[in-house]
Amino acid sequence: LANMSYLTTVTIANMGDLLQPFINSGFGTAAKTLATRTVSPSSRKFSKLSHFKYDQSWEREYSAMITKNVNPFNKKKDFIEWSNQIFFRGIGLQTITGVARNFAYDVGVNNAFKMAQKATPNSKRALARMEQLGLSIEELNQIKKYDNIVDAFESEDVGRILDKAGRKAADRDAIIPTVGNRLLFTQTANPYIRPLGQFLSWAQAKSAQTNALIKRVEDGDMKLALTSLATVPLYMGVQTLKE
């Protein structure tokens, strides 16, 4: 009941995740990735090459938590799980989350490769972007050995590095609530407290995402500030559609 009452427009709200790669990874890299996926949908989808796929973590966790004290042999459990799955699928949450995370993953891979082709990062901004993708100078030097991103991704050593960068980007740009980033009292057996923890966890995750951007701007990343301002009208469009 909580899900079906408060999450009816969550799919529209999650459309904002499609804009995050443009802000965090740069408009050029994100636009190029989007163009490649649009013009030739079958090529350079690194999320498919690496078997990276949205695994319905959010939906599965909800099902696990809301049926925590339900007898597994009771038909109530089956009904609750079935109704939640139908609801999330019906409002399109699974689709938009999958698209957002796969896109963020591909942008992260392209961004890591582009970063490696440039000079060794030495500015505060460049080092911060490198750390966000979980990369080191040594790993960038390994990526730099390849002239073609597909060859680099399909190699055993560098492919692992690019896969890590893609997953880091997906977790940063298209947040999904999991056990690792949930508030502790979300796991309580009390049915009145548990939904409160679920929704507060989501709000906290989005706040942390926004605060991370603000901190980078305060640290002097003016390019990020301009990119963020440029996306404000798009975010307002998403909000208007949601309302």
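Throughout, numbering of the chain's residues begins at 1 and tracks the sequence.
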Do you know which two heavy atoms are closest between [X] and [Y], and how far apart they sit?
{"X": "T11", "Y": "L93", "result": "OG1-N, 3.3 Å"}
{"X": "A104", "Y": "A170", "result": "CB-CA, 3.8 Å"}
{"X": "L18", "Y": "A100", "result": "CD2-CA, 3.7 Å"}
{"X": "L162", "Y": "A112", "result": "CD2-CB, 3.9 Å"}
{"X": "I143", "Y": "Q117", "result": "O-NE2, 4.1 Å"}
{"X": "A165", "Y": "G108", "result": "CB-O, 4.2 Å"}

Determine, using the 4.5 Å side-chain heavy-atom cutoff (strictly less than), whether [X] and [Y] are members of one ILVMFWY cluster.
{"X": "V158", "Y": "V107", "result": "no"}
{"X": "L224", "Y": "F22", "result": "no"}
{"X": "L127", "Y": "L213", "result": "no"}

Atom pair [atom1]/[atom2] of [X] and [Y] - distance to nearest 0.5 Å:
{"X": "I91", "Y": "I86", "atom1": "CD1", "atom2": "CD1", "answer": "12.0 Å"}
{"X": "I161", "Y": "E138", "atom1": "CD1", "atom2": "CD", "answer": "10.0 Å"}
{"X": "T29", "Y": "D106", "atom1": "OG1", "atom2": "CG", "answer": "12.5 Å"}
{"X": "N111", "Y": "M130", "atom1": "CG", "atom2": "CE", "answer": "12.5 Å"}
{"X": "L226", "Y": "I23", "atom1": "CG", "atom2": "CD1", "answer": "12.0 Å"}
{"X": "I96", "Y": "N14", "atom1": "CD1", "atom2": "CG", "answer": "7.0 Å"}

Please list, chain by chain and in numerical order, all residues satisfying salt bridge (Lys or Arg N to Asp or Glu O under 4.0 Å) with [X], sequence neighbours excluded.
{"X": "D171", "answer": "R101"}
{"X": "K164", "answer": "E139"}
{"X": "K215", "answer": "D219"}
{"X": "D173", "answer": "none"}

Could I get the full list of side-chain hydrogen bond (donor to acceptor under 3.5 Å, both in side chains) partners for [X], not counting sequence neighbours?
{"X": "E218", "value": "none"}
{"X": "D151", "value": "none"}
{"X": "R172", "value": "S25, Q132"}

Going through the checks in order, is the side-chain contact (heavy atoms from CB on, under 4.5 Å) test met by V238 and L234?
-> CA-CA 6 Å; V238 172; L234 297 176; 5.9 Å; no
Listed once per pair and sorted, the ring pair (Phe, Tyr, Trp, His ring centres under 6.0 Å) pairs that draw on residues 106-130, sequence neighbours left out |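 Passing the test, one end in residues 106-130: no pairs.
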Output every pair passing ring pair (Phe, Tyr, Trp, His ring centres under 6.0 Å) with a member in residues 223-243, not counting sequence neighbours, ordered by first then second residue.
->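 Residue pairs passing ring pair (Phe, Tyr, Trp, His ring centres under 6.0 Å), neighbours aside: none found.
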CA sep, side-chain torsions, deciding dist, call: K114, K32, side-chain contact (heavy atoms from CB on, under 4.5 Å) | CA-CA 12 Å; K114 181 180 178 181; K32 185 177 179 181; over 6 Å; no
Could I get the full list of side-chain contact (heavy atoms from CB on, under 4.5 Å) partners for D163, not counting sequence neighbours?
->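 D163: side-chain contact (heavy atoms from CB on, under 4.5 Å) contacts with S50, Y105, R167.
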Taking only residues two or more places apart in sequence, or in another chain, which ones meet K145 in a side-chain contact (heavy atoms from CB on, under 4.5 Å)?
->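 Result, side-chain contact (heavy atoms from CB on, under 4.5 Å) vs K145: none returned.
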For the pair L133 and R129, evaluate side-chain contact (heavy atoms from CB on, under 4.5 Å) and give the outcome as yes or no after the intermediate values.
-> CA-CA 7 Å; L133 297 180; R129 292 203 167 201; over 6 Å; no
Quick one: does [X]'s side chain get under 4.5 Å of [Y]'s, heavy atoms only?
{"X": "I175", "Y": "D17", "value": "no"}
{"X": "K242", "Y": "M15", "value": "no"}
{"X": "M4", "Y": "S83", "value": "yes"}

Under 3.5 Å, is there a donor-acceptor pair between the side chain of D221 and the main chain of V217?
->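 Side chain of D221 to backbone of V217: no pair is present.
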Are side-chain N/O atoms of [X] and [Y] paired as donor and acceptor at under 3.5 Å?
{"X": "Q239", "Y": "E243", "value": "yes"}
{"X": "N110", "Y": "T33", "value": "yes"}
{"X": "N211", "Y": "R216", "value": "no"}

Give a yes or no on this: more than 12 heavy atoms of other residues, nucleotides or ligands lie within 6.0 Å of atom OH of Y146.
->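 Yes.
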If you count the non-hydrogen atoms of other residues, nucleotides and ligands that lie under 6.0 Å from NZ in K206, is the total more than 12?
->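 It does: K206 NZ has more than 12 such atoms within range.
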Residues two or more places apart in sequence or in another chain: which of them pass ring pair (Phe, Tyr, Trp, His ring centres under 6.0 Å) with F87?
->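 Not a single residue meets the ring pair (Phe, Tyr, Trp, His ring centres under 6.0 Å) criterion with F87.
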side-chain contact (heavy atoms from CB on, under 4.5 Å) between S228 and V232: does it pass, once the steps are laid out?
-> CA-CA 7 Å; S228 300; V232 167; over 6 Å; no
